[in-house]
Amino acid sequence: MSNKIRVRFAPSPTGYLHIGGVRTALFNYLFARKQGGAFVLRIEDTDTERSTEESIRAILDGMEWLGLDYDEEPVRQSSRNELYQEHIDRLLAEGKAYPCYCSKEELEERRKEALKEGRDPRYDGRCRGGVDPVPGREPAIRFKAPHTGTTVVHDLIRGPIEFDNSQMDDLIIRRSLGMQTYNLCVVVDDALMGMTHIIRGDDHLTNTPKQILLYEALGFKPPRYAHVPMILGSDKTRLSKRHGATSIMAYKEMGYLPEAMLNYLARLGWGCGDEEIFSLEELIEKFSLEGINKSPAVFNPEKLLWLNHHYIKNGDPKRLARLFHEMLVEKGVLDVPLGEDRQGYLEEVVKCQQEKRKTLVEMVEESTYFFRDEIEIDEKAGKKVLKAAARPILEKLKAKLSAQKAFTEEALETVFREIMEEEELKLGKIAQPLRVALTGGTVSPGIFELVSILGKETVLSRIDRAIDYMESRPDQS
RNA sequence: GGUCCCAUCGUCUAGUGGUUAGGACGCCGGCCUCUCACGCCGGUAACGCGGGUUCGAAUCCCGCUGGGAUCACCA
């Protein structure tokens, strides 16, 4: 086998793809790409009760959305039964594993009792020395773990960590129902798939010595380990739904860009001097396991939002227009997708919004007036801005703009300057009423951009409607 | 409870014996301005505690405290 680096991301398909999982996937990916090694995906679905096809789909979708491409076909543990069994048979034959006839219920009972009496809730080893088969009962298979000596995990992030083997439990490697368990499968797979480095969450740290022991019993050389610290919520407990969205796809739905997600997650627990902004390419170039921090990191939605804004602000309008379009349909602002001929329009809207909107969803919500025939004038905005004094301004605007052929920003600016001079008004006095007439609210892109993008026909008809609105609703002041 | 891990601004971090402890997010002020933003300028704020080691500790050692993880026929 070659000595090339090989790493894997090994999620269990028992729910959506969690952002913590995404970060460990990212670290594995970056490490592999940086080292010119392979990054593979392995679905750990040995728990048939909890694994679902839907969850597998979610994992694949998430990886695709983020652009974390893996090498080779994903491996599914559920299809590698015989392989695991062979190794269990070998352990059995060599006396390194043994059948255990204790039932699940009995074990549970003993655990509770031990806990109650303040003893360690570990397996008492009653079948370890060999027992007669219990008729009508399928045994589970346990690993006969050594109980003396120590096992050292040489962690690439934390250094050597020593575990006393007397703490080691005889873990079950095959269920009585037949399916093998996690610790056995991970070891067999990682060994046979030639994994050189295991980069995973530090919630796995304490079962690493068990796995090393299993490697040794099986005659395999253990890989190198790097346990990355967990992501915590604002209250410093493990990040969960209580802290807000934790599904990666929920962020897609909220209008986040994959590059913002990747950048944020990479910086969470990893740093490179004073830099904050990293493209995927830069991350690959600069990533190192040594740069990963030892302490857990609190997930900070504000900073993620800032990064997302950064990427929207600086993103390619063409690409953004495509994502924006999808979101417009998603959010029901558009009943049917716009045709090819409207791509330019979409892009114009994106260009005038990208600097001020932090998510695609926000961009959609603040751009509805670009896509509706009828706009509704906001109560407060109308009352505040469309007062009697605004009437002549709108009339004047209507007259001037009707006569105006070119609706370029430059030409419009000239028209507005003229009005300003003739009426002796500051731009704000003209722009605000028009803004409300055109958008229904007091907030929008710059007035010249807005008028230019909306176009003559729409602008004139909205001015008319605003005038009607003022007539039907004479103000008191 | 046993075992293991961790500890710099509110948060993410830089810092590896000698720094006015740096940057970023957030927050607060100002400037810019047709609204909202962007941008720019400035400000706020940290080495958990106690012992050592050393001429000198955020940095090294020990203890404490605090937080986290894990102890399944889950992964």
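Just so we're on the same page: letters track the sequence lines, and every chain starts at 1.
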What nitrogen or oxygen pairs link the protein and nucleotides 3-10 of chain B at under 3.5 Å?
| unit_1 | atom_1 | unit_2 | atom_2 | d |
| --- | --- | --- | --- | --- |
| B:rC5 | O2' | A:R158 | NH1 | 2.3 |

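- Counting only N and O atoms by type, the side chains of A:S452 and A:E409 include no donor and acceptor under 3.5 Å apart.
- Counting only residues at least two apart or in different chains, salt bridge (charged side-chain N to carboxylate O under 4.0 Å, His left out) contacts with residues 7-16 of chain A comprise A:R8-A:D190.
- For B:rA75, the OP1/OP2 oxygens have a side-chain nitrogen or oxygen of A:T46 closer than 4.0 Å.
- Side-chain atoms of A:R238 lie closest to B:rU70 of the nucleotides B:rU70, B:rU13, B:rA75.
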For a quick check, with a 4.0 angstrom heavy-atom cut-off, what is the B/S/- contact string for nucleotides 38-48 of chain B, read 5' to 3'? SS---------
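- As a whole-Å value, the separation of A:M420 CE from B:rC34 C1' is 9 Å.
- The nucleotide whose nearest atom lies closest to any side-chain atom of A:V298 is, among B:rG26, B:rC74, B:rU11, B:rU11.
- Residue pairs meeting the ring pair (Phe, Tyr, Trp, His ring centres under 6.0 Å) criterion with at least one partner in residues 415-453 of chain A, sequence neighbours excluded, are A:F416-A:F448.
- Whole-Å rounding puts the A:D235 CG to B:rG68 C1' distance at 12 Å.
- A:R175 has a side-chain polar atom (N or O) that falls below the 4.0 Å cut-off from OP1 or OP2 of B:rA75.
- A:R128 forms no cation-pi arrangement with A:Y98, by the criterion of a distance under 6.0 Å to the ring centre and an angle within 45° of the ring axis.
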Using residues 132-139 of chain A as the side-chain source, report each donor-acceptor pair under 3.5 Å to any protein atom, sequence neighbours left out, with the distance given to one decimal.
| unit_1 | atom_1 | unit_2 | atom_2 | d |
| --- | --- | --- | --- | --- |
| A:R137 | NH1 | A:Y101 | O | 2.6 |

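- Taking atom C1' in both B:rA57 and B:rC40, one finds a spacing of 39 Å when rounded to whole Å.
- The side chain of A:T181 has B:rC74 as its nearest neighbour among B:rC71, B:rC74, B:rU35.
- Judged as a salt bridge (charged side-chain N to carboxylate O under 4.0 Å, His left out), the pairs with a partner in residues 294-305 of chain A (not counting sequence neighbours) are, in order, A:E276-A:K303.
- Counting any heavy atom pair closer than 4.0 Å across all strands shown, A:E276 reaches a base atom.
- Anti is the conformation of B:rC12, whose glycosidic angle sits further than 90° from 0.
- Proximity of A:N293 to the phosphate of B:rA14: a side-chain N or O atom is located under 4.0 Å from OP1 or OP2.
- Base pairing annotation: B:rC25 forms a Watson-Crick or G-U wobble pair with B:rG10, both donor-acceptor distances under 3.5 Å.
- Atom C1' of B:rG66 sits at a distance of 31 Å from the matching atom of B:rC28, rounded to the whole Å.
- Across all strands shown, A:L232 has no heavy atoms under 4.0 Å from either base or sugar-phosphate atoms.
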